[in-house]
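Take a look at the structure set out below.
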Amino acid sequence: MDSAAVPAFTLMVDCNNFYVSCERVFDATLARRPVVVLSNNDGCVIARSNEAKALEIEIGDPVFKRKDFFARHGVRILSSNYALYGDMSARVMQVLARFSPDVERYSIDEAFLLFPARPPDELRTLAEDIRRTVLRWTGIPACVGVARTKTLAKIANRLAKKTPASGGVWLLDDPADIAARLAQVAVDDVWGIGRRYAAFLRGRGIATALQLARQPRDWVRRHLTIGGLHTVMELGGEPCIPFEENPPPARSLLCSRSFGERVADLGSLEEALSTHVQRAAEKLRQKGLRAGAVQAFLETSRFRPEEYFAHSGCQALAAPTAYTPELHAAALRILRAIYRPGHAYQRIGVLLLDLVPEGARQLTFWDLDVEQPRHKALMQALDKVNATYGRGTLVFAAAGLGPKAWHMRQERRSNRYTTRWAELPVAH
DNA sequence: TCTGGGGTCCTAGGACCC
DNA sequence: TCTGGGGTCCTAGGACCC
C-alpha cells in the first residue's frame with residue numbers, strides 16, 4: 001500500500017459486548033442488568049454486559065468460583081449460542097458493506113473499512129452514520145474508531161468505548177493530539193502487544209503506547225520481531241498492516257472440545273474424537289477445501305500442572321481429501337498411537353492441515369487415492385441432510401449414540417432465534 | 001468436584017544438499 | 001596441524017489475535 005500517494009482513513013467498527021448484545025436483541029428482560037455469556041462447556045465468562053463489567057466480573061472468570069456472587073447480584077447467565085452470534089454478525093457486515101466496497105471482516109464482531117481521505121468533519125459524520133445504521137438495522141450497538149492506520153484506528157475505537165461523551169465515535173488525526181492520547185494508553189492495550197510483550201516492555205520502563213512508539217526501531221525489531229516493528233510504525237502513523245478485503249483461504253482447521261467430565265478410557269476418547277472429525281470434515285467441505293494432513297491431540301487439565309500430560313501426532317494423507325471416513329481413519333490411528341492409559345483427559349481435538357482448494361488437487365502417482373465420485377456424492381448427501389434437519393441427524397456410528405459423560409455442558413443456551421429452522425428437534 | 005475454542009505468523013535450529 | 005559456507009526446507013515452540 002502506498003500511503004503517501006493515496007492517503008486513506010481506516011474506520012474500525014467494533015460491536016459493544018457483542019454476544020450479550022445479540023442475546024438482548026431477542027430477550028428484552030436482559031436489558032439494563034448484568035448479563036454474562038459463558039464459554040463452551042459453561043466453564044468461564046467470555047462476554048459481559050456493561051453492568052457485569054461494573055461488578056468487576058472479568059473475562060475468563062471461572063463460573064464455579066463466582067456462582068454465589070452471580071446469584072447475589074442477580075447476574076443473568078447464558079451459555080454461548082454461536083449459531084445466533086454468527087448470523088447476527090453476518091447482518092452487521094451486510095450493513096457495513098453498504099457504506100464501503102472495502103470492508104475487511106476482522107472477527108465475528110469487528111471490521112475495518114477503508115475510505116479515501118476527507119475532512120475530519122465528514123469522517124466524523126460518516127462514522128456516526130455507520131454506527132446509527134448498524135444499531136437501527138440490527139439492534140447491535142457498536143463503536144467506530146477512525147485513524148490513518150489500523151493500529152491507531154483500534155486505539156481510537158477503544159477511546160470511543162471508554163468515553164461515554166464520545167457518542168461512540170473517535171477520530172485520531174492531529175499528530176499532537178495523537179501523542180497526547182497515546183501517552184494515556186497502557187502499552188498492554190496496544191493491538192499486537194500481548195501479555196508477554198507487555199511484561200517485557202514494562203520491565204524496561206516502557207509503560208505507555210507513546211513510549212513504545214518512540215523506541216528505536218532496530219531494538220523493537222530485535223526484541224518484538226517483525227510484527228512488533230509493524231505495530232510501532234503504525235503507532236507513528238505509517239500504515240504497514242495490509243488491508244485484507246479478501247482474506248486468504250484458511251490454512252488449517254481445528255475442532256476440539258473440553259469434556260463435561262474427565263475421560264480416561266480409549267473408547268470414550270475415540271467417540272469424542274470421531275465427533276470432532278465429523279464436524280471438521282463438514283467445515284472443510286463447506287469451505288471448499290481438502291486436507292493434506294491430519295493431526296490429533298489430547299491433553300489433561302492445564303490447571304493441574306503436576307499431572308499435566310499432552311500428546312499429539314500427525315499423519316500426512318496420500319492425497320488431499322475431504323472424505324470423512326478417510327480423515328476419520330487417520331485421526332483414530334493417531335489417537336491409538338498417542339493414547340496413554342492412566343490419565344484423566346480434559347480435552348481432545350483434531351487439526352486439519354495443508355489445506356488446498358477443491359480444484360487444486362493433484363493426481364497421485366498411483367491414481368488410487370483420487371477421490372471417487374461416489375465418495376463425493378455421499379458427502380454431499382450427508383451434508384444436505386444435516387443442513388436440513390440439524391447437525392447430528394446423520395452421524396457415523398463411531399461417534400457413539402446417545403448422551404455421554406464427555407459431552408460438553410451447555411445448560412443455559414438461548415434459542416437459535418435466527419437460524420431455528422435447522423435446529424428444530426427431529427423426530428427419530 | 002467445576003477454568004473455551006479457533007486461528008495466524010515468526011523464529012530458531014536441525015536436516016539435508018551442494 | 002587442523003576441519004567451509006551457504007541455501008532451503010521442515011518443525012516445534014512461542015508470540016499474538018478474537
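All figures in this text were calculated on a predicted structure; none of them were measured in a lab. Numbered from 1 within each chain, the chains take letters A, B, ... in sequence-line order.
Rounded to a whole Å, the CZ atom of F64(A) is 14 Å from the C1' atom of dG4(B). The CZ atom of F297(A) sits 9 Å away from the C1' atom of dG5(B) (whole-angstrom rounding). Across the protein-nucleic acid pair, L351(A) atom CG and dA12(C) atom P stand 12 Å apart, rounded to whole Å. In this structure, I59(A) places its CD1 atom 14 Å from P of dC17(C), rounding to the nearest Å. One atom, NZ of K287(A), and another, P of dG6(B), lie 11 Å apart when rounded to the nearest Å.
Using a 4.0 Å heavy-atom distance criterion, G227(A) is classed as making no nucleic acid contact. Using a 4.0 Å heavy-atom cutoff across all strands shown, R66(A) reaches no nucleic acid atom at all. At the heavy-atom level, K65(A) lies under 4.0 Å from base atoms of the strands shown. Counting any heavy atom pair closer than 4.0 Å across all strands shown, R222(A) reaches no nucleic acid atom. Backbone-only contact: L253(A) has heavy atoms under 4.0 Å from sugar-phosphate atoms and none from a base. Within 4.0 Å (heavy atoms only), D42(A) reaches no atom of the nucleic acid at all. Counting any heavy atom pair closer than 4.0 Å across all strands shown, R302(A) reaches no nucleic acid atom. At a threshold of 4.0 angstrom between heavy atoms, the contacts of S252(A) are confined to the sugar-phosphate backbone, with no base atom among them. Using a 4.0 Å heavy-atom criterion, one finds that V190(A) contacts the sugar-phosphate atoms exclusively. Residue L224(A) is out of contact with every strand shown, counting any heavy-atom pair closer than 4.0 Å. Using a 4.0 Å heavy-atom cutoff across all strands shown, R279(A) reaches sugar-phosphate atoms only and no base atom.
In this structure, CG in L210(A) is found 10.0 Å from CD in Q215(A), a value given to the nearest 0.5 Å.
For C44(A) against G60(A), the heavy-atom pair with the smallest separation is CB-O, 3.6 Å.
By the 30° and 60° cut-offs, the orientation of the rings of Y19(A) relative to Y85(A) is parallel.
Checking dC9(B), dG5(B), dG6(B) against every side-chain atom of R251(A), the shortest atom distance belongs to dC9(B). Comparing dG6(B), dA15(C), dC18(C) against the side chain of K154(A) picks out dC18(C) as the nearest. Comparing dG4(B), dT11(B), dG6(B) by their nearest atom to the side chain of Q346(A) picks out dG4(B).
Both the sub-6.0 Å distance and the 45° axial angle are satisfied by R66(A) relative to the ring of F69(A).
Panel note: side chain R204(A), backbone F200(A); a donor-acceptor pair is recorded below 3.5 Å.
For S107(A), no side-chain nitrogen or oxygen approaches OP1 or OP2 of dC17(C) to under 4.0 Å.
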